[in-house]
Structure formats: structure tokens, C-alpha cells
Number of protein chains: 2
Amino acid sequence: MVGGKYKLIILHKLATHGIRRFNELRREFPNITQRTLTRQLRELESDGLINRQVYPEIPPKVEYSLSETGKSLYPIFLQIEKWGLEYMENNPK
Amino acid sequence: MVGGKYKLIILHKLATHGIRRFNELRREFPNITQRTLTRQLRELESDGLINRQVYPEIPPKVEYSLSETGKSLYPIFLQIEKWGLEYMENNPK
DNA sequence: CTGCATCCATCCCGATACTG
DNA sequence: CAGTATCGGGATGGATGCAG
């Protein structure tokens with residue numbers, strides 16, 4: 001469910017900074033292409049990790065946020081982050 | 001570093017059951033092909049997560065075990081396992 | 001603004017046969 | 001026993017253009 005190239009950082013961004021619109025995410029991850037961002041978001045949505053709120057306006061507006069299930073991943077993120085910091089301490093460069 | 005299809009379960013097996021020989025791992029994961037098992041083990045080794053001990057005998061003998069870095073991943077595994085159990089409780093089927 | 005359609009390169013893994 | 005060699009297919013991500 002989190003196997004995509006950008007899924008973890010997307011979830012992390014939504015976890016730490018809350019609701020985000022599509023183009024906000026594009027700006028925050030300049031390397032990801034539009035097509036890929038769309039697909040990763042759709043996959044996260046169909047796995048129930050994020051919510052997708054569409055506002056039927058012109059111009060369109062779509063907001064992404066963590067679902068409850070997505071939020072429940074947060075302890076894992078913290079554990080991974082802790083590991084990463086220790087790993088960098090023991091393997092400096 | 002743990003992105004391969006079988007890397008997490010290989011690490012988990014080594015974490016919970018200690019040293020394993022090549023063909024023991026093959027038997028324990030019947031779905032993995034020889035070629036793929038070899039590659040995943042080599043990648044784990046070059047990332048420093050497992051140790052590869054070769055005994056220059058006939059017939060050959062190679063033992064795989066967790067490195068200290070590999071062992072340090074264990075808290076993450078526990079956190080993931082905990083999440084998985086809760087997820088299945090909340091999403092029964 | 002938020003997409004979809006198309007085409008393409010690469011990576012990952014599997015199937016199978018062979019080897020010291 | 002513990003691999004290597006070869007071939008191939010499917011998934012993943014990128015580039016580019018078009019659209020409501």
C-alpha cells in the first residue's frame with residue numbers, strides 16, 4: 001500500500017501539514033510528474049489511506065487529507081524516522 | 001533498502017529464527033525463485049543489513065544472518081506488525 | 001486547476017537450463 | 001549445495017500533449 005516511489009513522502013506531508021490541494025503537492029515535490037502524482041494519490045485513495053474532497057467549482061479544487069487509517073500509520077513513520085537518524089549517526093558521510 | 005518483494009520477510013525470518021542457509025530459505029519461502037532469492041540476499045548484504053558467511057567446503061555451505069544494522073530494524077518490524085493486526089481488526093474479511 | 005491519453009524506457013521478478 | 005546465464009513479461013515512472 002505504500003510501495004509507490006512518492007507515497008511515503010506524500011503521506012508524511014499530509015500528516016505534518018494537513019490538507020493539501022493538488023497543485024500544492026506538485027510544488028512541494030517538484031520532481032514528481034503530474035501523471036505520477038495523480039496515480040499515486042488515486043492508489044492511496046483506493047487503499048483508504050487518504051481522503052479526496054472534490055469541490056465542483058470553476059476552476060476545479062481538490063483537497064487531499066489523511067484518512068483515519070492513514071493517520072494510524074504515524075507511529076510507523078516515527079519509528080522509521082528514529083531509525084534513520086540513528087543510522088546516519090552510525091554511518092556518517 | 002527493504003524495497004524488494006521478499007526482503008522484509010527474509011529479514012523477519014532471520015530476526016526470529018537466526019542463522020539460515022541458502023536452501024533453508026528456499027524451502028521456507030517456496031514461492032521465491034533461486035535467482036531472485038540470490039539477488040535479494042546480495043542486495044541486503046551490500047546494504048549491510050545481513051552477513052554472508054561462506055564455508056569453503058564440498059558441498060558448499062553459506063550461512064546468512066542479520067548484521068547489527070539489520071537487527072536495529074526490529075523495532076520497525078514490531079510497529080508494522082502492530083499496525084497490521086489493528087488494521088485487520090478494523091477491516092475484517 | 002486538475003486532470004487524462006499516449007508513448008516509451010527502465011526496473012523488477014519469474015521460468016528455465018546449466019555448473020563447480 | 002549454492003549458485004550463474006539467458007530470456008522474457010509486467011509493472012512503474014517519465015515526457016509530452018490535450019481538455020473540461
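Throughout, a chain's letter reflects where its sequence line sits, starting with A, and its residues are numbered from 1.
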Output yes when at least one side-chain N/O atom of [X] is less than 4.0 Å from OP1 or OP2 of [N], else no.
| X | N | value |
| --- | --- | --- |
| A:R27 | C:dT2 | no |
| A:R26 | C:dC1 | no |
| A:R39 | C:dT2 | no |
| B:R52 | D:dA2 | no |
| B:T33 | C:dC13 | no |
| A:T38 | C:dG3 | no |

Can you work out whether B:N23 or A:I32 has the more 5'-proximal nearest nucleotide on DNA chain D?
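Between the two, 5'-proximity favours B:N23.
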
Quick one: on DNA chain D, does A:K5 or A:P60 contact a more 5' nucleotide (nearest heavy atom)?
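Whichever sits nearer the 5' end wins; that is A:K5.
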
Determine, using the 4.5 Å side-chain heavy-atom cutoff (strictly less than), whether B:I58 and B:Y55 are members of one ILVMFWY cluster.
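B:I58 does not cluster with B:Y55.
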
Under the side chain to side chain contact (heavy atoms under 4.5 Å, CB included) test against B:Y64, which residue among B:I50, B:I19, B:N51 passes?
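In the set B:I50, B:I19, B:N51, the residue that makes a side chain to side chain contact (heavy atoms under 4.5 Å, CB included) with B:Y64 is B:I50.
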
Examine the base of C:dT6 for any acceptor or donor lying under 3.5 Å from a partner atom in the side chain of A:R35, and report the outcome as yes or no.
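Such a pair exists between side chain and base.
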
[X] [atom1] to [N] [atom2]: how many Å, rounded?
| X | N | atom1 | atom2 | result |
| --- | --- | --- | --- | --- |
| B:L37 | C:dG14 | CG | P | 10 Å |
| B:K7 | C:dC13 | NZ | C1' | 12 Å |
| B:Q53 | D:dA2 | CD | C1' | 15 Å |
| A:M1 | D:dT12 | CE | P | 15 Å |
| B:Q34 | D:dC1 | CD | C1' | 9 Å |
| A:Y55 | D:dG20 | OH | P | 25 Å |
| A:E43 | D:dA11 | CD | P | 12 Å |
| B:R20 | D:dG3 | CZ | P | 16 Å |

If you look at every strand shown and take non-hydrogen atoms under 4.0 Å, does [X] touch a base, only sugar-phosphate, or nothing?
| X | result |
| --- | --- |
| A:Y64 | sugar-phosphate |
| B:R21 | sugar-phosphate |
| A:E57 | nothing |

What I want to find out is whether A:R27 reaches A:E24 closely enough, with some N-O distance under 4.0 Å, to be called a salt bridge.
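Salt bridge between A:R27 and A:E24, a charged N being under 4.0 Å from a carboxylate O: no.
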
For the pair B:E86 and B:K82, find out whether any cationic side-chain nitrogen is under 4.0 Å from an anionic carboxylate oxygen.
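Yes.
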
Looking only at the side chain of A:Q40 (C-beta and beyond, no hydrogens), which of the listed nucleotides D:dT4, D:dG13, C:dG3 gets closest?
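Out of D:dT4, D:dG13, C:dG3, the nucleotide with an atom closest to A:Q40's side chain is D:dG13.
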
Mind checking whether A:Y74 and A:F77 have parallel, tilted or perpendicular rings, split at 30° and 60°?
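Perpendicular, since the angle between the ring planes exceeds 60°.
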
Going by heavy atoms in the side chains, are B:M1 and B:K7 under 4.5 Å from each other?
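Answer no - side chains too far apart.
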
